[in-house]
Amino acid sequence: MTDHDSSAAEQAAPAIRPRVRFAPSPTGYLHVGGARTALFNWLYARKYGGQFLLRIEDTDRQRSTDESTRAIFDGLAWLGLDFDEDVVFQGSNLARHQADVETLLASGAAYRDFTPQAELERQRADAEARKVPFAFDRALADLPAEVVAQKLAAGEPHAVRFRVPEGVTEWYDAVHERIAFPNKDIEDFVILRSDRTPVYNLAVVSDDIAMRITMVMRGDDHISNTPKQILLYRALGATVPEFAHVPMIHGTDGKKLSKRHGATAVGDYQHLGLLPSTMLNFLALLGWSPGDDTEVMRMETLLEKFSLDGLQKKAAIFDPQKLDWMNGQHLSLMPLDDVMPHIYQAFERLGVASRSDLEARDEWFRGLVELLRVRARTVDDIANQSTPYFVEDVMYDADAVSKQWRDANASAEILSATRERLASLNVWDTASMEAALRTLAEELNISGGKIFQPLRVALTGLTVSIGIFDVLLYVGRDRSLARLDNAVRWLKQDIPA
RNA sequence: GGCCUCAUCGUCUAUCGGUUAGGACGCUACCCUUUCAAGGUGGAGAGACGGGUUCGAUUCCCGUUGAGGCUACCA
């Protein structure tokens, strides 16, 4: 028992520099669940001075695509999860996989099964029809040596199965503590198909041994594969690595996250205007907790606080609302220099302004971003909300007009007076503007808002914007006065004769 | 069906036998205020159920229920 306790305690800080890996199969995009698994592995490796390796499990030739492989690279790069050494493509390790199977065959740990696949399917269907559980029967498949030799000589196709020994297979999982499977519940699984290609469990173990992986951290949907893999490690005479099975990420309905839940690929969030630091922060908090109340964290803090102890057992539900909030936090708290590259991208992607245009008036633009980012949740929000400062003329939003320009005649008069005061200003700064307009409000015996709101519509076409004097500042004197003229003209035209 | 895993506010979580069960998102009231945000101060909101163990259980054990995963010559 004390053995077990100490092994659990040691999991927090590895005795050796860990070698971990992220092993996605390139059959879709980089899923947020996969990204989180990658993040945890990366954090663990970086925190303890180990290596983080990437292996592309492309052995399913039917479903694997180069496009998916690229999406994985792009996603990891966007998140800043860099890997060590060369990428391993599982498909190129076929020879070793086959050699490992030969080793297993030679030691008797595995045997050739000549049962036709169709026959197996028939038996399975039959069992299902009779509502009895299908159990693979080794006695029918594991033939005497002479028969095997004969069939082999005749060139009969066959699969290779692992001979599951008696007993119980257990391990101390870094997140679940002890997990045990009675071997009788594990059937002799196929490790090499009749077309001589390896099956997942064999390929994974063979590669993890070759890559000298010390800790396998992956989704807990792999828990039931683990005993099979442990059995393979042992049969191959290799050291069994440590395991950490992290919980799944579910959609808002509690089901496994899928397309139905909307955006599930990290690329989707990138295109929604999310910051990679937000994604990292948010994902880290789904299935892991620093143990205290810290929530908004940069990578530096994540690295400092990360520990296997904080890993959660329960599946977490992906909450897009909190993600949004968190992005707003990152947006306002990050150093402006770190945000700017993402801003440029959003502006170009949304066609608001080109990067060179923005860099040409760098000081002006950075000032604008400072004002905009406090009230935005995504970089796309910033780009969208900045259009009044880039276009020549604005469009009046119908709701804004009906709400703030309700009485066209009165509005036109207030706007004319406002224009006059602003035009008379010697300097175009916010203090002078405010003084002038507050004075005007007093003279007209109305509240400041009665001037500011119609003015906001005239300048932006909208009811919401940055502070009204900042709007005047960033729209600029000439454009502001021109927009006021347009507004007055528009309001007068709109008045029925 | 079998095997495995999980179970604190709607959601993410803290609690490592003794707390008015804490924080965050969201919701809500108020404050601030030229709008919208942001920010500030409050509020509503949780230990699935049943047994044990214990002076004392959210916490440890068992069962029930519920949820999820796996059950392929997919990965």
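In the text below, chain A, chain B and the rest are named by the order of the sequence lines, each starting its count at 1.
Both the sub-6.0 Å distance and the 45° axial angle are not jointly satisfied by A:R36 relative to the ring of A:F318.
Look at B:G66: its Watson-Crick or wobble partner, with both distances under 3.5 angstrom, is B:C6. Pairing for B:U54 is absent, with no Watson-Crick or G-U wobble pair whose two atom distances lie under 3.5 Å. Across all strands shown, B:U33 forms no Watson-Crick or G-U wobble pair with both distances under 3.5 Å. Nucleotide B:G42: paired with B:U28 (Watson-Crick or G-U wobble, both distances less than 3.5 Å). In a base pair of the Watson-Crick type (N1 to N3 plus N6-O4 or O6-N4) or a G-U wobble (N1-O2 and O6-N3), with each distance short of 3.5 Å, B:U59 is matched with no nucleotide. For B:U19, there is no paired nucleotide, since no Watson-Crick or G-U wobble pair has both relevant distances below 3.5 Å.
Between A:Q90 and A:V204, the closest heavy-atom pair is NE2-N, 3.7 Å.
Per the geometry, CZ belonging to A:R178 stands 13 Å off C1' belonging to B:C4, to the nearest Å. Spacing between atom CZ of A:F162 and atom C1' of B:C73 amounts to 17 Å, rounded to whole angstrom units. The distance between atom CE of A:M297 and atom C1' of B:C12, rounded to the nearest whole Å, is 12 Å. B:A38 atom P lies 18 Å from atom CG of A:D470, rounded to whole Å. As a whole-Å value, the separation of A:D173 CG from B:G69 C1' is 14 Å. Between A:R161 atom CZ and B:A72 atom P there is a gap of 10 Å when expressed in whole angstrom units. The distance from atom CG of A:N281 to atom P of B:U13 is 13 Å, rounded to the nearest whole Å. Taking atom CD1 of residue A:I468 and atom P of nucleotide B:U33, one finds them 18 Å apart after rounding to whole Å.
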Using a cut-off of under 3.5 Å, enumerate the N/O to N/O pairs linking the protein to nucleotides 6-8 of chain B.
unit_1 : atom_1 : unit_2 : atom_2 : d
B:C6   : OP1    : A:H176 : ND1    : 3.3
B:U8   : OP2    : A:K314 : NZ     : 2.6

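Remark: A:Y389 engages no residue in a ring-ring contact (aromatic ring centres under 6.0 Å, His included) (not counting sequence neighbours).
Between A:Y200 and A:H222, the distance from one ring center to the other falls under 6.0 angstrom. Between A:Y233 and A:F162, a ring centre-to-centre spacing not shorter than 6.0 Å is recorded. Aromatic pair A:F306/A:F40: centroids less than 6.0 angstrom apart.
Residue pairs meeting the ring-ring contact (aromatic ring centres under 6.0 Å, His included) criterion with at least one partner in residues 431-476 of chain A, sequence neighbours excluded, are A:W364-A:Y474, A:F452-A:F469. For residues 461-470 of chain A, every residue pair satisfying the side chain to side chain donor-acceptor pair (under 3.5 Å) rule, not counting sequence neighbours, is listed here: A:R456-A:S465.
In this structure, A:T115 reaches the bases: a heavy-atom distance under 4.0 Å links it to at least one base atom across the strands shown. The residue A:G219 sits apart from the nucleic acid: no heavy atom pair falls under 4.0 Å. Residue A:S289 is in sugar-phosphate contact alone, with no base atom involved, counting any heavy-atom pair closer than 4.0 Å across all strands shown. Within the nucleic acid shown, A:F181 comes within 4.0 Å of sugar-phosphate atoms alone, with no base atom in reach, counting heavy atoms only. Residue contacts for A:I466: at a heavy-atom cut-off of 4.0 Å it reaches a base atom on one of the strands shown. Contact annotation for A:S465: base contact, defined as any heavy-atom pair under 4.0 Å involving a base atom. Looking at heavy-atom distances under 4.0 Å, A:S447 makes no contact with the nucleic acid at all. Base engagement by A:F469 is indicated by at least one non-hydrogen atom pair under 4.0 Å involving a base atom.
Between A:L274 and A:F282, the closest side-chain pair of non-hydrogen atoms is not below 4.5 Å. For the pair A:S25/A:D58, no side-chain contact is recorded, criterion being any heavy-atom separation below 4.5 Å from C-beta on. Residues A:T226 and A:I179 fail the side-chain proximity criterion, which asks for heavy atoms closer than 4.5 Å. No side-chain heavy atom of A:L192 sits less than 4.5 Å from a side-chain heavy atom of A:V199. A heavy-atom distance below 4.5 Å is not found between the side chains of A:E242 and A:V216.
Remark: the A:S224 side chain and the B:C3 base include no donor-acceptor N/O pair separated by less than 3.5 Å. Between the side chain of A:N225 and the base of B:A75, at least one donor-acceptor pair of N or O atoms lies under 3.5 Å.
Put simply, A:R124 has a side-chain N or O that comes within less than 4.0 Å of OP1 or OP2 on B:A72. Between B:U34 and A:R438, a contact under 4.0 Å exists linking OP1 or OP2 to a side-chain N or O.
Positionally, the nearest nucleotide of RNA chain B for A:W288 lies more toward the 5' end than for the other of A:G448 and A:W288. Nearest-nucleotide positions on RNA chain B for A:A376 and A:P24 put A:A376 closer to the 5' end.
B:G22 and B:G45 are spaced 14 Å apart, taking the C1' atom of each and rounding to whole Å.
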Contact string for nucleotides 40-46 of chain B, one letter per nucleotide 5' to 3', B = base within protein heavy-atom range under 4.0 Å, S = sugar-phosphate only, - = neither, reads -------
Footprint string (nucleotides 20-30 of chain B, 5' to 3'): B base within contact, S backbone only, - free, heavy atoms under 4.0 Å:
--BSBSS----
